[in-house]
Structures are given as structure tokens and as C-alpha cells.
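Only one structure is covered here, and it is reproduced in the block below.
Residue numbering restarts at 1 for every chain, and letters A, B, ... go by the order of the sequence lines. Every heavy atom of this structure was used, including side-chain atoms; hydrogens, water molecules and symmetry mates were not. Treat the numbers as computed from the prediction; the structure is a model and nothing was measured.
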Amino acid sequence: MGKEIPSRSEDYSLWYNELVKRADLAEHSDVRGCMVIKPYGYSIWEKMQQALDKMFKDTGHVNAYFPLFVPKSMFEAEEQNAEGFAKECAIVTHYRLKNDPDTKGKLIVDPEAKLEEELVVRPTSEAIIWNTYKKWIQSYRDLPILINQWANVVRWEMRTRLFLRTAEFLWQEGHTAHATADEAVKETIQMLDVYAAFAEEFMAMPVIKGRKSEGEKFPGAVDTYCIEAMMQDGKALQAGTSHFLGQNFANAFNVQFAGKDGKLDYVWGTSWGVSTRLMGALIMAHSDDDGLVLPPKLAPIHIVIVPIFRSDDELEKITEKADQLSAALRKQGFSVKFDNRDTHKPGFKFAEWELKGVPVRIAIGPRDLENGTVEVARRDTKEKQVMKLDEVETKIPALLDDIQRNIFQRAKAFRDSLVTKVDAFEDFKRVLDEKGGFVLAHWDGTKETEAAIKEQTKATIRCIPLDAVEENGTCVYSGKPSVRRVLFARAY
RNA sequence: CGGGGUGUAGCGCAGUCCGGUAGCGCACCUGGUUUGGGACCAGGGGGUCCCAGGUUCGAAUCCUGGUACCCCGACCA
């Protein structure tokens with residue numbers, strides 16, 4: 001293993017790939033398009049899951065689990081959705097292998113074990129879930145249904161990248177059913193708000209909430225809402241989506257309920273999800289050329305204590321102090337690692353824990369023992385300070401809070417600096433090429449213009465921001481009238 | 001799925017053009033000296049050269065096919 005990872009400015013993609021591997025987050029498996037999420041990476045995902053799961057529960061949702069396999073006929077029931085995903089579905093056609101009669105020790109698919117009906121490996125679960133909801137819903141008294149599931153899904157991607165796009169990925173998908181359109185829309189927006197709050201408060205990643213254009217929305221949805229984040233290379237990343245499904249799936253699966261007046265009506269639906277892609281967002285939003293920078297709220301290890309010693313005797317004395325300090329910090333709910341390996345020098349450990357993004361490092365050496373101090377270093381700014389040993393346990397919580405806040409502020413200042421209003425198409429192209437980031441521009445609302453802009457600039461409409469101000473203008477491409485600016489960017 | 005590149009020790013790479021004993025750095029093991037920002041010296045272990053065929057006395061090297069990954073495009077969370 002070399003010492004340095006490639007720098008962001010030299011090769012951003014290489015920096016990202018190397019960082020993911022070197023920080024022990026994930027690696028490519030020998031299965032095409034699929035990755036292994038390693039323990040350190042998975043523990044960050046678990047932190048995300050815990051925070052999100054609590055937010056879902058707090059808003060009245062419960063968890064359940066639906067099958068991985070969806071019969072093809074069930075999958076194709078909602079046509080828009082089926083068409084949208086058709087090109088990237090894995091399909092199970094057989095249920096048995098047998099010994100190859102021609103080659104000893106090899107197996108072949110048993111041609112006699114062909115399934116009556118093929119099974120689609122879920123790229124998303126609307127079909128099986130609405131097929132199930134049909135059995136659960138008769139009356140308005142059965143509504144709403146507010147269910148989430150944590151699951152894996154498969155989308156057969158042509159080109160994959162660790163965390164950002166893999167053939168199989170982990171996510172959560174919420175699927176709710178409501179008696180009125182109004183209630184379903186409120187649910188859609190509520191979950192968008194949950195995602196935005198999670199991104200900003202836990203991931204320390206500022207996001208822009210908005211609605212997708214017709215061309216970018218989820219197949220099968222009436223409206224798709226999203227949160228859009230900005231990465232350090234000036235490309236946007238969709239970090240979460242929340243869909244108002246209207247009655248599309250209820251229609252497709254014939255899910256009706258009797259209202260108070262006894263009349264039958266189709267059920268209104270929503271679905272919403274975030275995936276392990278958030279890991280990619282987290283990495284690209286904050287990390288630097290020395291490695292990961294993790295917000296304390298998602299860091300598996302908050303504080304690492306590194307002893308500096310020459311003799312066993314010194315280590316013993318330092319260990320005593322470190323153990324006391326660890327106990328006091330753990331009591332406050334922090335995760336503390338005492339790195340007492342005698343096989344590596346302190347400098348090596350400093351670099352390694354920086355690579356892994358541990359927010360706070362405490363070094364204790366012979367000088368500190370004499371003076372009753374420790375050296376405290378923060379990962380986000382790399383600043384060091386000497387602290388009285390007996391003050392550490394009271395000062396660390398504020399320091400971690402400050403790191404969490406600072407990471408967010410830094411990301412927000414960066415993001416804000418990359419939001420540019422433009423009115424002329426020449427400027428539009430120039431800003432994308434020279435500066436990158438988000439471009440706020442007027443759009444005439446047609447898919448032809450959207451497609452033409454994408455064709456010529458590689459930029460897509462990321463969203464129509466929910467807080468967009470109503471202002472009269474002319475479309476940056478066609479010159480036709482427009483009433484608000486929309487958010488463009490090149491995106492992951 | 002199209003264009004380009006790469007696959008050689010755990011990791012990063014040289015060797016391939018021009019066929020002839022498989023190398024380097026890091027990591028690993030042993031011993032010693034070290035330890036406040038990625039230690040040093042000495043010794044040592046480790047290889048189906050991506051896979052399958054072919055050419056050849058002989059293939060990491062040449063030929064054919066396959067496969068995986070990376071970059072650029074198209075598609076997409």
C-alpha cells in the first residue's frame with residue numbers, strides 16, 4: 001500500500017475509487033457489477049440506517065419485508081413502471097442445476113427445470129407491494145398503510161461505480177397507501193423533508209429540495225420530488241427521491257376502498273427511497289486528499305487515542321490515563337478507540353486514522369504525563385491543541401458538535417458558491433465548462449428544450465426547486481416565456 | 001452496449017514491441033535498534049504471469065476466443 005492517495009485535483013474519479021478502497025469502505029467483488037461493503041463501510045451505513053429508521057418510526061411508519069422475486073406478469077401490470085425498468089432487470093428462468101453429463105465436476109442449468117413464469121429480481125417493489133395491498137385494503141378504515149422496508153434491489157447497470165451505481169444495492173423503500181390525494185401528497189412532501197433533514201443534520205450535506213421534470217421523474221409516478229446535493233468536483237448527485245404515485249398503482253392492481261359514503265374509489269399511493277448511494281455522497285461531499293472526513297453523527301469511531309511511548313513502562317502509565325479517559329467519554333455515548341498497537345509508530349497511526357476520517361484524535365505521550373495534558377487534533381481542519389487532561393471529557397462534546405457544524409457550513413459555503421444564475425445560453429455553457437456546479441436558468445417547460453440542452457451540454461434539469469421564486473423571464477435555450485428558474489447541472 | 005486502456009506476489013507496478021531461469025517498491029515473517037507526523041539495518045517467505053484454446057523445442061511475451069476492472073460516451077438511483 002502506497003502512502004498517499006491520488007489528489008482530487010489530479011484525478012477526481014481515481015481519488016474517489018482509491019479512497020473507498022483504502023479507507024476500507026468497500027471493494028469490487030468477483031461478481032460483475034457487485035461490491036463487497038466492508039465492515040468499516042457497513043458500520044457507517046448502519047449509522048445511517050439507525051438515524052433514518054428512527055425518523056421513519058417517528059413519522060408513524062412501520063417496517064415489513066416483501067419478496068425479492070416478482071413474477072413477470074405482476075411486474076408488468078403498471079406499464080410505465082415496467083417499461084422504465086425493463087432494460088435493467090435480472091430474470092430468473094430456472095430453479096435447478098444438475099451435473100454436466102459431459103464434464104465431471106461442472107454444473108449446468110437443468111433444461112427440465114424451466115419456470116412456468118419467469119421471476120424478475122426486483123429493481124423496486126411497487127408491483128409486489130401493491131399486489132399485496134390489494135388484499136389488505138377494503139375500506140377507508142384500513143387506510144393509511146405506512147410501511148417501509150430495508151432491502152436489496154438489482155438494476156443491471158452497464159457501468160458501475162462503488163456505492164454510486166452497482167448492480168445490486170441496499171436501500172430502504174417506503175410504500176404508503178392513502179384515502180385521499182391530499183393526504184398522499186402531504187406524505188410525499190413529509191418524507192422529502194425527512195430526507196433533507198437527514199442529509200443536513202446527520203450527513204452535514206446541504207441539499208436542494210425540488211420536483212423532477214417529466215423527463216426525469218420516476219416511471220409510474222405522477223410527481224417525483226428529490227433532494228439534490230453538490231459534490232466537490234462540481235457535479236450534482238441525487239441523494240433521495242419521494243414519489244406521489246397518484247392512483248397509478250391502485251389502478252394497475254385494482255386496489256379500491258369503500259369510503260364513508262360507501263362509494264368505491266382507487267387508493268392513492270406514495271413511495272420514497274434512499275440507498276447506499278448516500279455513502280458515495282458522504283464521501284464526495286466532505287473528504288480531502290488525506291482521506292475521509294466523517295461527520296461525527298455518522299462516524300463509527302468518534303475519538304481515537306494514540307499513545308506515544310518508548311518503553312513498556314511508559315505505555316503502561318499512558319494506558320492507565322487512556323482507559324480512564326475512554327471510560328469517561330464512552331459514558332457520554334461516544335465511540336472511543338485506543339490504538340495501543342506496538343507494531344506501528346504514532347505518525348503511521350495518525351495518517352491511518354485520518355484516512356478513515358475519525359473526527360477527533362487524542363495523543364498522549366511522556367510530556368503529557370508530566371504536564372497533565374493531551375494533544376487533541378480535529379480531522380476537519382487538522383488543527384491541534386493542547387488540552388488539560390481533566391478538561392477533555394467536558395470539552396470533547398462541544399468539539400464534536402463544532403466539527404459537525406463546521407463540516408456542514410463548509411459544504412454549504414462550497415455549494416452556495418457553485419449556484420450560478422444565468423440568462424444567456426452562451427453563459428450557461430461557459431459556466432458549466434469553466435465553473436461547474438448548479439446553474440439556475442429559465443426553462444420553457446418543454447421536454448424538447450430539456451432534451452436539446454442535455455444533448456448540447458450534458459446538463460440535466462436536476463429539479464424545479466420548491467423554493468423557486470416566481471419571476472417572469474425567457475427560456476435560456478428557446479427564448480420562450482418562463483415563470484421560474486429551474487436547477488441544471490451535470491450529474492452522477 | 002460502442003470506443004480506448006489495463007489484468008504479472010496481499011497492494012502498486014516494470015518486463016510483452018524483439019519468445020529462452022519472473023523482477024522492483026510497499027506490505028508480510030525473524031532478529032536488533034527505534035517511537036511527539038507514514039522508522040532503519042540485516043536476513044527471509046510468498047507467483048495457476050486473468051481464463052481457455054492454438055503456434056513453437058520452448059509462451060507473461062505471438063495468435064484466437066472469453067472474462068473482469070478503469071476511463072470516455074449512451075442508459076440509469
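- Judged by atom type and distance alone, Lys384(A) does not reach the base of rG36(B) through any side-chain donor-acceptor pair under 3.5 Å.
- Heavy-atom distances to RNA chain B give each of Ala491(A) and Val31(A) a nearest nucleotide, and the one nearer the 5′ end belongs to Val31(A).
- Looking at the side chain of Ser13(A), the nearest of the listed nucleotides rG36(B), rG37(B), rC71(B) is rC71(B).
- Remark: rG31(B) base-pairs with rC41(B); criterion is Watson-Crick or G-U wobble with both hydrogen-bond distances under 3.5 Å.
- In a base pair of the Watson-Crick type (N1 to N3 plus N6-O4 or O6-N4) or a G-U wobble (N1-O2 and O6-N3), with each distance short of 3.5 Å, rA77(B) is matched with no nucleotide.
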One pair to check against salt bridge (charged side-chain N to carboxylate O under 4.0 Å, His left out): Asp288(A) and Lys382(A). What are the steps and the verdict?
CA-CA 11 Å; Asp288(A) 62 24; Lys382(A) 303 200 76 184; over 6 Å; no

Show, in sequence, the C-alpha distance, side-chain angles and deciding distance for Arg378(A) and Asp380(A), and conclude whether the salt bridge (charged side-chain N to carboxylate O under 4.0 Å, His left out) test is met.
CA-CA 6 Å; Arg378(A) 52 189 288 176; Asp380(A) 59 338; 2.7 Å; yes

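- Contact annotation: Arg165(A) does not reach the phosphate of rA77(B) (side-chain N/O to OP1 or OP2, under 4.0 Å).
- Side-chain atoms of Arg361(A) and base atoms of rG37(B) include a donor and an acceptor less than 3.5 Å apart.
- Between the side chain of Glu354(A) and the base of rG37(B), a donor-acceptor pair under 3.5 Å is found.
- Set against rG37(B), rU35(B), rG73(B), the side chain of Lys458(A) has rG73(B) as its closest nucleotide.
- Rounded to an integer number of Å, the gap from Leu237(A) CG to rA77(B) P is 12 Å.
- Side-chain proximity of Asn17(A) to the nucleotides rC70(B), rC72(B), rC69(B) is greatest for rC70(B).
- None of Phe438(A), Trp443(A), Phe428(A) except one satisfies the ring pair (Phe, Tyr, Trp, His ring centres under 6.0 Å) rule with Phe488(A); the exception is Phe428(A).
- Under the 3.5 Å distance criterion, with hydrogens and angles disregarded, a donor-acceptor pair is assigned to the side chains of Thr224(A) and His243(A).
- If you measure from atom CD of Glu157(A) to atom C1' of rG73(B), you get 15 Å, rounded to the nearest angstrom.
- Each of Ser29(A) and Pro346(A) lies near RNA chain B, and the nucleotide nearest Pro346(A) is the one positioned closer to the 5' end.
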